[in-house]
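Here the structure is a predicted model, which is why all the values come from computation and not from measurement. Start at 1 and go down the list; that is how both ligands and their atoms are numbered.
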Amino acid sequence: MEIYADNAATTKMSRRAIDAMLPCFDKIYGNPSSLHSEGQRAAEALMSARETIAKVLGCEAGEIYFTSGGSEADNQAILSAAETGEKKGKTHIVSSAMEHHAVLHTLEKLKKRGFDVTLLDVHENGIVRPEELTAAIRPDTALVTVMYANNEIGTLQPVAELGRICHEKGVPFHTDAVQAVGHVHVHVKEENIDMLSLSAHKFHGPKGIGALYVKKGLPLTSLIEGGAQERGKRAGTENLPAIMGMAAALSESAAQINENTKKLLPLRDRLVRGLMQIPHTVLNGDPQLRLPGNVNVSFEGIEGESLLLLLDEKGICASSGSACTSGSLDPSHVLLAIGRPHEIAHGSLRLSLSEENTPEEVEYMIGAIRDAVARLREMSPVWRDLKEGKKQYVIQ
Ligand SMILES: *Cc1c(COP(=O)(O)O)cnc(C)c1O
């Protein structure tokens, strides 16, 4: 059996997205900036993709800027707001402790430039508290950036409420919605969002393409200088095949959100129930206010990496945190932010399901994980100490 349960790292492309890309390689191959008919065909395709994406998000086509992915969109949104704020003497940014590194590392860079950054606590359930945002905003706050859905523990933030508070205080609000778009209903106007990042490969589109929504009237500075593409805000010949694939994938996943959620919730909740029967196991993140396909648990007394290897042998593709940090030995900053101690954060497993996973796969995974955890614990000196009472269990 081969089970893919790592959809938060990336997804398989949908047939429709692939089919939307193919003509762009040899039929609609012009440069959208060219005035001849070949170029104009490409420009029309580009415009239709922009309109498709805008319609899904509830905004205008002129508010969408194509980027190379979620990371670039996050960088541009934050650096642009910082530059705009700096001109008015505003050098304070509010964010959360569980952001993606595309946000956190950009904030680190700004700190070196003299910015002051407040990271909101995400508490044990992995959700920020709106009243704490209200308290954190200052007269010199240039930007609030809080992610829509977390990539490790899947928790959903009260985005509309956070946006409302920002608007009341006159501060622009950016959200990294890379994990949310195509999975839960997102509407930028109804949810008071001024800037939003998305990435195609998280909703069955191609890798290396994303978009930044920027509300009309909000200043946007460019990261990449050159030609006048994207109204002068993002130079470089547009990646039309990828953009067409992204638009097709987005309209398809957005149309299926209700249906997919109905399919995923019972799978997710069954998986959680099954795994929680393993002794000394804890669920990370709020049990309900989370993405429909996200499960993240910590097992006492094991190493997440060893568990992943055993699961891979049994045909299960999972993750021990976020793919970006795997390979490093630091525990996940998200799990530390929700208060998990180091040794527990190390023993964590993320399973991110898609609508293609089945109830049979879920049962197989529960069995395989239960066996693998038992096997690793048998070999673990830490587990022996816990069992013999030489150490205290952290997870009861
Ligand atoms: C994947 C991801 C990103 C980065 O997107 P890329 O397109 O891979 O650059 C940013 N934020 C979150 C929450 C993500 O899950």
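The proximity of His201 to ligand 1, defined as any non-hydrogen pair under 4.0 Å, is limited to the side chain. By the criterion of a heavy-atom distance under 4.0 Å, neither the backbone nor the side chain of Asn150 is placed next to ligand 1. With a heavy-atom cut-off of 4.0 Å, Ser199 touches ligand 1 through its side chain alone.
With Ser253 contributing its side chain and Ala249 its backbone, the two residues share a donor-acceptor pair below 3.5 Å.
Distances between N or O atoms of Gly70 and those of ligand 1 include at least one value under 3.5 Å. For Glu72, no nitrogen or oxygen atom sits less than 3.5 Å from a nitrogen or oxygen atom of ligand 1, counting backbone and side chain alike. Some N or O of Asp176 is nearer than 3.5 Å to an N or O of ligand 1, by distance alone.
When each atom of ligand 1 is checked for a heavy atom of Met147 under 4.0 Å away, the hits are 13 (C). Here is the list of ligand 1 atoms found below 4.0 Å of a heavy atom in Gly69: 7 (O). Within ligand 1, counting atoms from 1 as listed, the ones closer than 4.0 Å to a heavy atom of Asp74 are 10 (C), 11 (N). Shown in contact with Asn151 at under 4.0 Å from a heavy atom are these atoms of ligand 1, numbered in order with element: 13 (C), 15 (O).
Put simply, Ile193 and Leu250 are part of the same group of oily side chains (I, L, V, M, F, W, Y) that touch within less than 4.5 Å, one to the next.
Residue pairs meeting the salt bridge (charged side-chain N to carboxylate O under 4.0 Å, His left out) criterion with at least one partner in residues 284-298, sequence neighbours excluded, are absent. Every pair passing salt bridge (charged side-chain N to carboxylate O under 4.0 Å, His left out) that includes a residue from residues 360-370 is listed here, sequence neighbours excluded: Arg270-Glu363.
Using a 30° and 60° split on the angle between ring planes, Trp383 and His280 fall in the perpendicular class, above 60°.
With a 6.0 Å radius and a threshold of 12 heavy atoms from other residues, nucleotides or ligands, Arg164 has its CZ atom above the threshold.
A salt bridge is absent between Glu378 and Arg375: the closest approach of a Lys/Arg side-chain nitrogen to an acidic carboxylate oxygen does not fall below 4.0 angstrom.
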